[in-house]
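Report on the structure given below.
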Amino acid sequence: MDEKFLKPYDPSATEARIYAEWEESGYFNPDNLPDADSREPFTIVLPPPNVTGILHLGHAYEDSLQDSVIRFNRMRGKKALWIPGTDSAAIATQARVEKNIQKEEGKSRHDIGREELVKRVGEFARSSEQTILSQVRRMGASLDWSRYAYTLDDTRNTAVFTAFKRMYAAGLIYRGNRIVNWDPKGQTTISDDEIVHEERTATLYTFKYSKDFPIPVATTRLETKVGDVAVAVHPDDPRYKEFVGKTYEVVFCDVPLSIRIVADTEVDPEFGTGALGVTPAHSQIDWDIATRHDLPKDKIVINEYAKMTASGRVAGLKVIEARETVASWLREEGLMVSEESISQNVSTAERTGGIIEPLPKLQWFVGVDTPFAIEHSEIPGIKTGDTTTLKEVMRAAVESGAVSMPQENFKKIYQHWITNLHDWCISRQIWFGHRIPVWYREDEVVCQETAPEGDGWVQDPDVLDTWFSSALWTFSTLGWPEQTDDLRTFHPTSFMSPAYEILPLWVSRMILMSGFHLGQVPFKTVLIHGLVRDSKGQKFSKSLGNGIDPIEMIDRYGADALRMGLLGGAAVGSDVRFDENKVKGYKNFANKLWNITRYVLTETEGADEDAPLTDADQVLRTELDEILTDVTADFENYRMHLAAEKLYHYAWHRLADELIEDSKNVFASEDTAAHASRRALLKSLLADVLSGLHPFMPFVTEEIWKTLKPSAPFLMISPWPVSGSVE
RNA sequence: GGGCGGUUAGCUCAGUUGGUAGAGCAUCUCAUUGACGUUGAGAGGGUCACAGGUUCGAAUCCUGUAUCGCCCACCA
């Protein structure tokens, strides 16, 4: 027997070596699998971690989950492909490099210039990518590294440009002046999804524009009132009916205003005074009202730095200061009716914490309700050539079951989200990322990758929202827009397992892009997983300082133990509470397998594996077959936690505690036929337990396999012990 | 404001189509140089949040309540 079995199992001496052997074997690449051509494809794309990031427990969980699924399918005889990649995470990465430059050189991005900054951010990104990639390897992830993709590499750049151009040509990408969420701190537009609402107390001021103005108005944003053009009331509100249609000239805080009274059903008569001061340029709802009533919308009183541009006493003040200035003026003039403290949700930028200032800006949008004729569609409910909208495509993909969501509740969340979806603002005012491929010269606008012929062309300065490129990920990683073999073979992908917080941000947009560009769904099954939380149920976060480094856990307990600790115990979809003790327990389990092996090897040296089983042993053999059939069904129905627990329980409490104990009696008896049968039985039970556990604990099972079955191929590509359908 | 969940043993959570409540950890008792002390055998511990309903039978299905949480949102 191999001497290593005389000592306890040592993951740190094993894992790196085994991973290197797997990589060398080439089997992570499905093209190299035995009988590759006759295998049915099974594809997962890894949700790309940030190129500058480090592995956290959320990644570790995601990697464990997907690797267990891909390994299961590989053993089931599928052409299993798991594609690795990283995301440039434009805003976060640029912000980080800018900060470094500011700190080390005292320069801002404007001092350095666009070209130089983009170069330096790009270099930083590529220089740090190996960190995250080597950490993913330590998890045991069986990713096909030969197909590694980066959102800013040449193939993906081509995909992004092509996607933009096609959607632009179809009229689905347009440029428009719209109220956007402007982050004055980050100096960029951000999408609705990047906003966090914070509850704060605010003062609701009720005031009149002037002494003879008939309607008092309530607002929390007094400073914006210098930009008002109207007061809106509900058409059925008896208090104000007589004023509708009239226009009043006032001088409000030194600023002359012309205020028209309009009737609009959006106004809630119950709130405040039932009258809304309309500031078209600085509020979405006001913008919409102004649009409906043909009011001027170009009266901008706040700039990108959240400072007042209006004339008079508020000129140049920060919005907060201006608010107080206007309030004092109202009090002095006797125009303030009341001041009331209310709690209000303030929109802040997720990344910078800046308070969002709604501003009208020329931005690029994807129109989700814009009708277009779909060139090609394999999505049920939408026929090739149909006139449809992106929203309809997104809805049909899930409603028809073409994208299946085994968890019904997430399906509801998705549909609800689609219903409330607005046009997607895709331009960002930063420099690092995919630059918008549009060029301007006076009134000419051209969409192409490089400058058109002739002088005077200027490229749009903005870059695309990082989710634009991420949304193409399932097919850009397969070489699209080229019609590659990979694209034909592996798309739609089979399985996607994102965190629930990313359902609207990413999942739905992948469905959108894949639907438009390929007429396909991006994946057949989407299994939403929960968040990994700490032992108190809190989110891991930098500010709480409760982070746990998965690499440290691997150093201490081994990757197998960490994987089991994350997957065991909690159903996919609910949050996982991380418990180091659990991981420790699974380290013990790896050692238990090690010792089972030690016993089996000692007792079965030179045994005949094909010896006939006694009736009693046949019963024990059938017992495991039934468990494995159950486990197979669990896998196929995404009940990984149950599969893992059943195998754990069988290995430890049945095979080790009972069958091995019983075997001691058998071997002590005189019955040589029983000896032979039991030897063969033990070996086959152990082999199948290892097979079953391999998707969860790839390292220790592979290591044992090598000794148990020295002439067999890698366990990683060995057949799953249950063949055929289990349904 | 709209939507979606959770509530089961001291703790963390399972419980697949309704059929006598489970695991791990923790606690307690006992055993043991035997493949493994990273061990084994055993014990205690739950009116499955609450109230109704459907059913021969409900942790599971329905209705309502409480409570905790999450997501979405242009009540100024």
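Sequence lines set the chain letters: A, B, ... in the order given, protein chains first and strands last, and positions in each chain run from 1. Just so it is clear, the values below take in all heavy atoms, side chains as well, and ignore hydrogens, waters and symmetry mates.
Side-chain proximity of A:H422 to B:C74, B:A35, B:U38: nearest is B:C74. Distance from the side chain of A:E645 is smallest for B:A14 among the nucleotides B:U38, B:A14, B:C72. Nearest to the side-chain atoms of A:A656 among the listed nucleotides B:U16, B:A35, B:C74 stands B:A35.
Residue A:E661 is in base contact, counting any heavy-atom pair closer than 4.0 Å across all strands shown. Using a 4.0 Å heavy-atom distance criterion, A:H282 is classed as making no nucleic acid contact. Among the atoms of the strands shown, only primed sugar atoms or phosphate atoms (P, OP1, OP2) are found under 4.0 Å from some heavy atom of A:H641.
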Just distance, no hydrogens or angles: give the donor-acceptor pairs under 3.5 Å from side chains in residues 224-233 of chain A, sequence neighbours left out.
unit_1: A:T224; atom_1: OG1; unit_2: A:R221; atom_2: O; d: 2.8
unit_1: A:K225; atom_1: NZ; unit_2: A:D228; atom_2: OD2; d: 3.4
unit_1: A:K225; atom_1: NZ; unit_2: A:G277; atom_2: O; d: 3.1
unit_1: A:K225; atom_1: NZ; unit_2: A:T279; atom_2: OG1; d: 3.3
unit_1: A:D228; atom_1: OD1; unit_2: A:T279; atom_2: OG1; d: 2.5
unit_1: A:D228; atom_1: OD2; unit_2: A:Y209; atom_2: OH; d: 2.4

N/O donor to acceptor pairs below 3.5 angstrom from side-chain atoms of residues 640-651 of chain A, sequence neighbours left out:
unit_1: A:E645; atom_1: OE2; unit_2: A:G569; atom_2: N; d: 2.7
unit_1: A:K646; atom_1: NZ; unit_2: A:D634; atom_2: OD2; d: 2.7

Please write out each protein N/O paired with an N/O of nucleotides 3-8 of chain B under 3.5 Å, distance rounded to 0.1 Å.
unit_1: B:G5; atom_1: OP1; unit_2: A:K412; atom_2: NZ; d: 3.2

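Non-hydrogen atoms lying under 4.0 Å from RNA chain B are contributed by A:A218, A:T219, all within residues 215-228 of chain A.
Annotation: side chain to side chain donor-acceptor pair (under 3.5 Å) contacts of A:T219 (sequence neighbours excluded): none. Listed by chain and residue number, nothing satisfies the side-chain contact (heavy atoms from CB on, under 4.5 Å) test with A:R577 (two or more places apart in sequence, or in another chain). Under the side-chain contact (heavy atoms from CB on, under 4.5 Å) criterion, A:S684 pairs with A:R621, not counting sequence neighbours. With sequence neighbours excluded, the residues forming a side-chain contact (heavy atoms from CB on, under 4.5 Å) with A:D579 are A:N581, A:K582, listed by chain and number. By the side-chain contact (heavy atoms from CB on, under 4.5 Å) test, A:A561 pairs with A:Y557, A:V583, A:Y586, A:K587, sequence neighbours left out. Scanning for side chain to side chain donor-acceptor pair (under 3.5 Å) contacts around A:S338 gives A:T206, with sequence neighbours left out. Residues forming a side chain to side chain donor-acceptor pair (under 3.5 Å) with A:D657 (at least two apart in sequence, or on another chain): A:H653.
Considering only side-chain N and O atoms, A:K664 lies under 4.0 angstrom from the phosphate OP1 or OP2 of B:A35. Look at A:W652 and you'll find a side-chain N or O under 4.0 angstrom from OP1 or OP2 of B:G40. Contact check, A:K646 against B:G15: no side-chain N or O comes under 4.0 Å of OP1 or OP2. Contact between the side-chain N/O atoms of A:R577 and the OP1/OP2 oxygens of B:U12 is found at a separation under 4.0 Å.
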(request) Could you summarise the pairing of RNA chain B as dot-bracket text, marking Watson-Crick and G-U pairs under 3.5 Å with ( ) or [ ] inside the strand and | across strands? (result) (((((((..((((.....[..)))).((((((....).))))).....(((((..]....))))))))))))....
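Counting heavy atoms from C-beta on, the side chains of A:P498 and A:V526 come closer than 4.5 Å.
When the C1' atom is used for both B:G46 and B:A14, the distance is 15 Å, rounded to whole Å.
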